[in-house]
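I have placed the structure first, in the form of structure tokens, so that the comments after it can refer back to it.
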Amino acid sequence: MAKDKEFVKEITPQNEDFSQWYIDVIKKADLADYAPVRGCIVFKPEGYEIWERCQEGLDRRFKATGHRNAYFPLFIPESLLLKEAEHVEGFNPELPWVTEAGGEKLTERLAVRPTSETIIGEMYHRWIQSHRDLPVLINQWCNVVRWEKRTLPFLRTTEFLWQEGHTAHRTEEEARTEVMRMLEVYRDFLETDLAIPVVPGRKSESEKFAGAVETYSIEALMKDGKALQAGTSHFLGQNFSRVFDIQFLDDDGQRKYVWTTSWGMTTRIIGAMIMVHGDDRGLVLPPRVAPTQVVVVPILKKGQDEVRARAQQIADELRSVARVHLDDRAEYSPGWKFNEWEMRGIPLRIEIGPKDLEKNQAVLARRDSGEKLFVSLDNLPETVAGLLETIQKEMYERARGFMAENTRPAATFEELAEIIENKRGFVQAGWCGKAACEAEVKEKTKATIRNIPLEQPDNGPRHCVCCGEPAQYKVIFARAY
RNA sequence: CGGGGCGUAGCGCAGCUUGGUAGCGCACUUGGCUUGGGACCAAGGGGUCGGAGGUUCAAAUCCUCUCGCCCCGACCA
């Protein structure tokens, strides 16, 4: 194979300019386009379908854990938003307001939702009377708006798509269990469907959700060594139930406030998928979320129409095990198609030419490894189904290997700073738990505490990487998106 | 929101310094010929130069404002 880069000259190499590479891939793989509104993107069919696959994967898991979908309004009255002080303060700078409609000024201005805790709190107040009404396990698929200063396609856009789960429970313990259960759902989804390994953990006080008692996250590592928060699960305690007066009569005759949780995952994970798996030739899609899993490219020569017919037949056979596209366009050469579909990240390409038919074989080319396999046409559906699973698994293993290689311990501040500056990646270090140390590290290295991993090693660092006092936790530091 | 860079055909760019009414490659259309890693030939179509205002006989080019994108910083999923 000749030099790879010559084939995809439209894409900036990763090591030259990772940000530009990211933008190039999104454009060339036809995932999204910039919209006429600042910071907003259009999800093109190819990009939106990836989101639909994510929705399927998540929604199935939500249903399996007893949740049901509902839909709450886009507009939130200012009075509702103002009820929870910490919450308002957190979101105020990024709220768009509707102040007039129908040519008249509104008596109360309406925020376009940045998240729905408040309006859902208001409704739960009306719906919950008895312990028999609990738990309430509701999820919402919707768009939200946050007027961010700096935007980047998928990772941070003014309007984005997500799901937000909102649950109410009788006891603190039950709510806490829910928080951890959904964090685990996110971890499983990301690792299984998107082949992205993550570190589950708890957010520090300064990084937690505005209004939460505790925030948990799963953190992923991008190929440029920066971290990305891929999903969050919040234990809201009774913060919202107190301000929205969500009380129930318990079986002991006492009126009590419910314990609530919320958890969300956004279209940002598409950005994560691009930056975890993509390479210099473009997008690399994990089979489970790939809109097209297999592209069949017949090698068409004049006067050999049977190749096209056989390719069609093979593609049809494969539809029982995979999402298949047959590219039998005559106006493009096979080589052009190979590059095009690789750029678009299709996990598996099947080449079928006259020579293959003579030998009753097909050529299978893996997008993730570049490997070409010559396989028998007998049992092709089984072969392909198995290979797609192998690709999915190996993509995850590869990403996990990358994360492991780029997770380094640091015992001292100097070590931490050196790793962050020169190698990036995750840095494991001790932390005394004080906000001052966290802030100092952030100021001097631009690295933040991504989370306090749930799995705390027995032999972890003994001292705070900043002040040297006894460490309370082993945490992950990284520069983040 | 501060600092830097860039907006000219769908994409990538030249032209701007020194004003004279727009060009190249790819893509696109038609025909031919091809097809195992981005073929070739021929003939075509497409841009009020991001937008607004100003200077000028004349503005892609000079001036002012504005919008958007990228990179670097402070806030966030």
Side-chain angles (χ1 to χ4, degrees), chain A residues 1-12 17-24 27-28 33-41 89-95 114-115 144-164 186 203 206-210 215 217-220 227-234 262-272 281 297-304 307-308 328-343 349 351-357 362-363 365 370 372 374 442-443 446 448 479-481:
Chain A
M1 201 184 292
K3 289 187 186 66
D4 289 359
K5 45 184 172 274
E6 289 178 13
F7 292 120
V8 230
K9 38 196 176 294
E10 298 97 331
I11 296 178
T12 307
D17 184 343
F18 194 82
S19 301
Q20 191 57 49
W21 168 85
Y22 177 72
I23 302 292
D24 289 347
K27 284 187 184 165
K28 292 298 165 187
D33 198 4
Y34 292 105
V37 183
R38 180 189 189 88
C40 292
I41 59 168
E89 199 187 323
F91 284 105
N92 226 355
E94 40 190 66
L95 292 177
T115 178
V144 287
V145 172
R146 296 179 191 177
W147 222 261
E148 299 289 351
K149 309 281 185 197
R150 195 169 156 186
T151 60
L152 195 56
F154 295 118
L155 293 189
R156 190 178 300 101
T157 49
T158 303
E159 177 188 5
F160 57 93
L161 306 180
W162 76 344
Q163 60 65 218
E164 49 179 326
Y186 287 152
K203 284 291 191 181
S206 72
E207 299 270 332
K208 74 171 200 204
F209 176 73
T215 289
S217 74
I218 49 173
E219 302 284 330
L228 186 80
Q229 177 173 306
T232 49
S233 185
H234 313 290
S262 68
W263 25 276
M265 188 168 268
T266 80
T267 36
R268 159 179 265 199
I269 56 175
I270 296 173
R281 314 185 71 165
V297 179
I299 311 302
L300 302 167
K301 285 193 167 63
K302 199 145 217 184
Q304 294 182 322
V307 174
R308 174 184 265 113
D328 62 353
R329 292 175 294 179
E331 60 271 31
Y332 292 102
S333 69
W336 189 92
K337 293 175 185 174
F338 296 169
N339 287 293
E340 178 70 10
W341 293 112
E342 281 173 11
M343 194 161 71
R349 178 180 70 245
E351 305 168 18
I352 296 167
K355 283 186 262 175
D356 299 310
L357 293 182
V363 181
K372 276 198 180 190
F374 298 82
K442 183 177 179 180
E443 197 204 320
K446 291 168 202 142
T448 49
R479 287 192 187 162
Y481 275 98

### Trp147(A) atom CH2: more than 12 heavy-atom contacts under 6.0 Å
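No, not enclosed.
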### Message
Check this for me: Arg38(A), atom CZ, are more than 12 non-hydrogen atoms of other residues, nucleotides or ligands nearer than 6.0 Å?
### Response
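At most 12 heavy atoms, drawn from other residues, nucleotides or ligands, come within 6.0 Å of this atom.
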### Message
Is the ring pair Tyr332(A)/Trp336(A) parallel, tilted or perpendicular, if the boundaries are 30 and 60 degrees?
### Response
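Tyr332(A) vs Trp336(A) ring planes: parallel.
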What distance, rounded to whole Å, do you find between the two [atom1] atoms, one in [N] and one in [M]?
N: rG68(B); M: rA52(B); atom1: C1'; result: 15 Å
N: rA59(B); M: rG50(B); atom1: P; result: 15 Å
N: rC72(B); M: rA14(B); atom1: C1'; result: 28 Å
N: rC16(B); M: rC49(B); atom1: C1'; result: 11 Å
N: rA9(B); M: rA22(B); atom1: P; result: 14 Å
N: rG15(B); M: rC6(B); atom1: P; result: 12 Å
N: rG47(B); M: rG23(B); atom1: C1'; result: 11 Å
N: rG19(B); M: rC24(B); atom1: P; result: 24 Å

With the side chain of [X] defined as its heavy atoms from C-beta on, choose the nearest nucleotide among [options].
X: Lys301(A); options: rA74(B), rG36(B), rC71(B); result: rG36(B)
X: Arg150(A); options: rC70(B), rC72(B), rG36(B); result: rC72(B)
X: Arg38(A); options: rG36(B), rG68(B), rC76(B); result: rG68(B)
X: Ile299(A); options: rC71(B), rG37(B), rG36(B); result: rG36(B)
X: Lys446(A); options: rA74(B), rG36(B), rC70(B); result: rA74(B)
X: Ser19(A); options: rC71(B), rG36(B), rG12(B); result: rC71(B)

Give [X] one of three labels, base, sugar-phosphate or nothing, depending on what nucleic acid heavy atoms sit under 4.0 Å from its own.
X: Gly39(A); answer: sugar-phosphate
X: Val144(A); answer: nothing
X: Asp17(A); answer: nothing
X: Lys442(A); answer: sugar-phosphate
X: Arg329(A); answer: nothing
X: Thr157(A); answer: base
X: Pro354(A); answer: base
X: Ala230(A); answer: nothing
X: Glu351(A); answer: base
X: Gly264(A); answer: nothing

Measure the distance from [atom1] on [X] to [atom2] on [N] and round it to the nearest whole Å.
X: Gln20(A); N: rC13(B); atom1: CD; atom2: P; value: 9 Å
X: Glu443(A); N: rG73(B); atom1: CD; atom2: P; value: 14 Å
X: Leu155(A); N: rC76(B); atom1: CG; atom2: C1'; value: 12 Å
X: Arg146(A); N: rC75(B); atom1: CZ; atom2: C1'; value: 13 Å
X: Leu95(A); N: rC75(B); atom1: CG; atom2: C1'; value: 14 Å
X: Lys337(A); N: rG37(B); atom1: NZ; atom2: C1'; value: 13 Å
X: Lys28(A); N: rA27(B); atom1: NZ; atom2: C1'; value: 9 Å
X: Leu152(A); N: rC75(B); atom1: CG; atom2: P; value: 18 Å

Output yes when at least one side-chain N/O atom of [X] is less than 4.0 Å from OP1 or OP2 of [N], else no.
X: Ser333(A); N: rA39(B); answer: yes
X: Tyr332(A); N: rC28(B); answer: yes
X: Tyr34(A); N: rC70(B); answer: yes
X: Lys355(A); N: rU35(B); answer: no

### Query
Do Lys372(A) and rG37(B) share a donor-acceptor pair, side chain to base, under 3.5 Å?
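Answer is yes: a donor-acceptor pair is held.
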### Query
Does the base of rC76(B) carry an N or O that pairs as donor and acceptor with the side chain of Arg156(A) under 3.5 Å?
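By the distance-only test, yes, there is a pair.
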### Query
Which heavy-atom pair separates Asp356(A) from Glu351(A) by the least distance, and what is that distance?
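Closest heavy-atom pair between Asp356(A) and Glu351(A): OD2-O, 3.6 Å.
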### Query
Does the cation-pi check pass for Arg156(A) over Tyr481(A), that is, NZ or CZ under 6.0 Å from the six-membered ring centre and within 45° of its axis?
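That pair does not qualify as a cation-pi contact.
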### Message
Any non-hydrogen side-chain atom of Lys208(A) less than 4.5 Å from a side-chain atom of Thr232(A)?
### Response
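Lys208(A) does not reach Thr232(A) side chain to side chain.
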### Task
Between Tyr481(A) and Val363(A), just flag the one whose closest nucleotide in RNA chain B comes earlier from the 5' side.
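The residue closer to the strand's 5' end, by nearest nucleotide, is Val363(A).
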